[in-house]
Structure formats: structure tokens, C-alpha cells
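Notes follow the structure.
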Amino acid sequence: MTLLYTEVEEELRASVRDLLADRCGSDAVLRRVESASPYDMDLWKTLSREIGVAGLLVPEEYGGAGASAREVAVVLEELGRAVAPVPFLTSSVLATSALIGTGDELLGRLAAGEVTVALAVSFAASPYRPAGGVTVRDGVLSGQVRAVAGADVADVLLVPAGGGLYAVDTADATVEAVASLDLTRPVATVTLSSAPGREIAGADVRRALVTGAGLLASEQLGVAEWCLGTTLAYIKERHQFARPVGSFQAIKHRMADLWLDVVRARAAARNAADLLAAVPHMATDAADAAAVEAGELAAAVAKSWCSEVALRVAEEAVQLHGGIGMTWEHPVHLYLKRAKSTEIALGTPGAHRDALAVLADLPAPA
């Protein structure tokens with residue numbers, strides 16, 4: 001196991017970062033969230049088809065890259081740095097993870113960037129609670145799921161129902177966008193009224209949610225790193241009492257504490273990505289079961305820690321930017337909203353700590 005980035009991972013990072021620098025600057029993101037279509041689907045097409053991020057987790061036999069959670073984590077770091085309004089997490093991580101091991105034809109279409117898919121569970125759903133809200137009878141689904149991220153731009157919905165997973169064409173569902181704290185990642189209410197669904201055998205929704213939670217920590221790391229770096233640059237330039245604000249001892253101590261938090265967050269996020277990369281698609285023996293448990297434990301640690309770090313660093317960034325940090329024109333508010341929304345996404349820090357206590361066999365408090 002290594003927490004260092006490989007040469008291939010750094011090359012992937014450079015490709016994604018260069019594209020985002022060219023097409024997804026803060027002004028462009030602000031204009032996008034003020035528009036009627038918050039997601040930048042042109043940028044998504046370039047990322048998915050030309051750089052190939054949509055198929056990173058898809059096995060090579062289905063036309064994907066056959067990469068691992070480590071490479072996905074690198075992409076998420078860069079998307080977090082840019083608060084990029086693209087459905088990578090929802091389609092290429094959550095939905096794709098649910099399909100891995102099923103051999104479903106959607107895998108090939110995902111890898112080619114032909115379709116965007118959303119897992120129809122609430123974005124606030126915990127991996128440790130079963131998803132519900134939809135019933136199925138003879139392949140026909142009915143029910144409603146609230147706060148589904150990525151549903152409004154998905155071609156296909158993956159809907160958990162009756163203990164299985166069903167593929168539903170978005171055209172057969174009612175998808176209504178609703179207000180979201182994170183303007184760069186809209187959510188929607190999905191309503192199914194006798195919608196035809198195709199059952200996908202062998203899908204593991206819980207595993208997908210655990211993987212998504214563990215890798216979301218890398219996106220939170222990217223958010224925290226941007227906030228820390230931008231704030232550091234600002235306090236070096238802003239002067240008060242004829243001195244840079246950053247020269248005051250109290251500010252130095254605050255920045256040092258934030259830097260330590262971010263360093264720890266990087267270690268937790270990288271550890272989760274590394275151990276999730278070692279999780280087999282299907283556990284068949286004791287060694288596989290141990291790898292699954294190690295991945296779940298690392299995911300719980302990373303999501304609980306990185307959630308709170310990203311929010312803390314974003315809050316400090318707003319305050320240390322002074323008056324300008326409270327304006328719409330400065331992008332720091334987008335990072336604060338992303339940090340807050342992802343704190344409660346895919347399990348709150350408390351939910352993951354509770355799961356961690358069970359996984360680590362810690363005694364319950366008296």
C-alpha cells in the first residue's frame with residue numbers, strides 16, 4: 001500500500017486540471033449556476049469521451065479503462081478543486097459501482113460516454129441503511145425518491161426496489177429539479193408511476209454507496225485544498241495596519257491548524273482510495289472478505305474526517321477573506337456550499353463513526 005501518487009495518476013491529474021483550468025474557471029462556474037442548466041454537459045462530454053474519465057472503473061472487456069479507485073480519486077480531487085458542475089460522481093462512481101460485476105450492457109455505454117446514469121437513491125442516503133421508497137411488481141415500478149443527485153441529466157436511472165436493482169429510462173419517470181444548497185450539484189425528485197424497469201442481476205447497491213462515500217472524501221480533499229491555497233494567497237496580499245494580514249501570529253496559528261487538518265485529510269482519503277481499489281468485485285473467500293471489511297473501514301474513516309475538514313476549512317476561508325468572502329462574485333461561497341452538502345451526503349460523519357465502531361469492534365459507551 002502506498003499513499004503516494006503514481007506517474008499515471010499524476011498524468012491523469014494534469015490532463016483533468018488543464019481542461020478544467022481552460023473551461024471551468026470560477027467565473028464560468030458562477031455563470032453556469034446562474035443559468036437554467038447548472039450542469040455543464042459540454043464539459044462532461046469532453047471529460048468522458050476525450051479524457052475517458054467516464055469509463056475509469058469499467059473493466060476493459062466492456063470498453064473501459066479497467067482502472068481502480070485510486071485513479072477515480074485523483075479525478076475527484078481535481079473536480080473538487082474546481083467545484084466542477086459535471087455528473088462524474090453520480091454517473092461514473094455511484095452508478096458504475098452498482099453495475100460492476102453484473103456484466104450489464106450499460107457498462108459498455110457508460111465507458112463510451114454514450115449515456116449518463118444516476119443511482120436513484122437520496123444523496124443523503126447512508127450506506128448503512130437500506131434504500132426504500134419504490135415498490136416493484138412484475139417489472140413495473142412505482143414510488144418516489146427525493147434528493148437524487150444527477151437525475152436531471154441522466155439518460156437511465158438505476159432504481160433499488162424489492163431487494164433488486166432496476167434500470168429505468170428517464171423518459172419513463174418524472175424528474176423534477178428542486179432547490180439545492182450546492183448550486184453546482186442539483187438534486188431532483190424522481191417519481192415513478194407504473195414505470196417499466198429491467199432488472200439487473202447481481203447488483204450491490206450497498207457496496208456502491210460505500211465506494212461512493214469513500215471516494216467522495218477525495219472530492220472533499222480537493223475542496224479543502226483549494227480553500228486553503230486561495231486563503232493563503234489572499235492573506236499574503238491583503239494588508240492591515242501596513243502589514244500583510246498573514247503576518248499576524250493569530251492568523252499564522254489558524255492557518256497552521258488548517259494545514260495539518262488538510263494533510264490528515266489527504267492521508268485518510270488516499271488510504272480509502274487505496275483500500276477500496278483492493279476490494280474484489282465479488283468476495284469468495286476469507287481474504288476477499290477481509291479486503292471488503294478493510295475497504296469499508298477506510299471509507300468510514302475518510303468520509304467522517306474529510307467531511308468535517310472540508311467544511312471547517314471552507315468556513316475559515318470565508319471569514320479570512322473578510323468582506324469579499326461574503327460576496328456572490330467571489331467563488332468561495334460555492335466551495336462552502338459544496339462542503340456543507342457533501343458533509344451530509346452518503347452518510348453523515350456521525351453515521352460513519354457509528355459504523356466504524358462496529359467494524360473496529362469497539363465497545364458501546366456506558
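What you are looking at is a predicted structure, and each value in this text was computed from that prediction instead of being measured.
Around the CD atom of E10, the shell of radius 6.0 Å holds more than 12 heavy atoms that belong to other residues, nucleotides or ligands. Environment of CE in M326: sparse, with no more than 12 heavy atoms of neighbouring residues, nucleotides or ligands closer than 6.0 Å.
Closest approach of M41 and P87 over heavy atoms only: SD-CD, 4.4 Å.
A 4.5 Å side-chain heavy-atom check between S307 and P349 finds at least one atom pair inside the cut-off. Looking at L119 and L157, their side chains never come closer than 4.5 Å, going by heavy atoms from C-beta outward. Residues V313 and V223 have side chains not in contact (no heavy-atom distance under 4.5 Å, counting atoms from C-beta outward). Contact of the L19 side chain with the L43 side chain is registered, since non-hydrogen atoms from C-beta on lie closer than 4.5 Å. Residues L12 and V75 have side chains in contact (heavy-atom distance under 4.5 Å, counting atoms from C-beta outward). Two residues are said to be in side-chain contact when any heavy atoms from C-beta on lie closer than 4.5 Å; E77 and Y5 meet this criterion. At least one side-chain heavy atom of Y335 sits under 4.5 Å from a side-chain heavy atom of W226. Within the 4.5 Å cutoff, side-chain heavy atoms of R198 are placed close to those of D104.
A salt bridge is defined here as a Lys NZ or Arg NE, NH1 or NH2 lying under 4.0 Å from an Asp or Glu carboxylate O, and E343 with K340 meets this definition. Remark: D40 does not engage R23 in a salt bridge, criterion side-chain N to carboxylate O under 4.0 Å. Taking the charged nitrogens against the carboxylate oxygens, R338 and D182 do have a contact shorter than 4.0 Å, which makes a salt bridge. Using a 4.0 Å cut-off between a side-chain N of Lys or Arg and a carboxylate O of Asp or Glu, R31 and E34 do not qualify as a salt bridge.
Side-chain heavy atoms closer than 4.5 Å link hydrophobic residues (I, L, V, M, F, W, Y) into clusters, and following such links, even through other members, never connects L181 to L336.
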Listed pairs under 3.5 Å, donor-acceptor, residues 120-130 side chains, sequence neighbours left out:
from: S122; atom 1: OG; to: A124; atom 2: N; distance (Å): 3.2
from: S126; atom 1: OG; to: Y128; atom 2: N; distance (Å): 3.0
from: Y128; atom 1: OH; to: H352; atom 2: ND1; distance (Å): 2.9

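Pairs of residues two or more places apart, or lying in two chains, never qualify as salt bridge (Lys or Arg N to Asp or Glu O under 4.0 Å) while including a residue from residues 320-332. The side-chain hydrogen bond (donor to acceptor under 3.5 Å, both in side chains) contacts involving residues 48-61 comprise nothing, where partners must be two or more places apart or lie in separate chains.
Screening R264, K303, R353 against E308 for a salt bridge (charged side-chain N to carboxylate O under 4.0 Å, His left out) leaves a single residue, R353.
Donor-acceptor pairing under 3.5 Å is recorded for the side chains of Q144 and T191.
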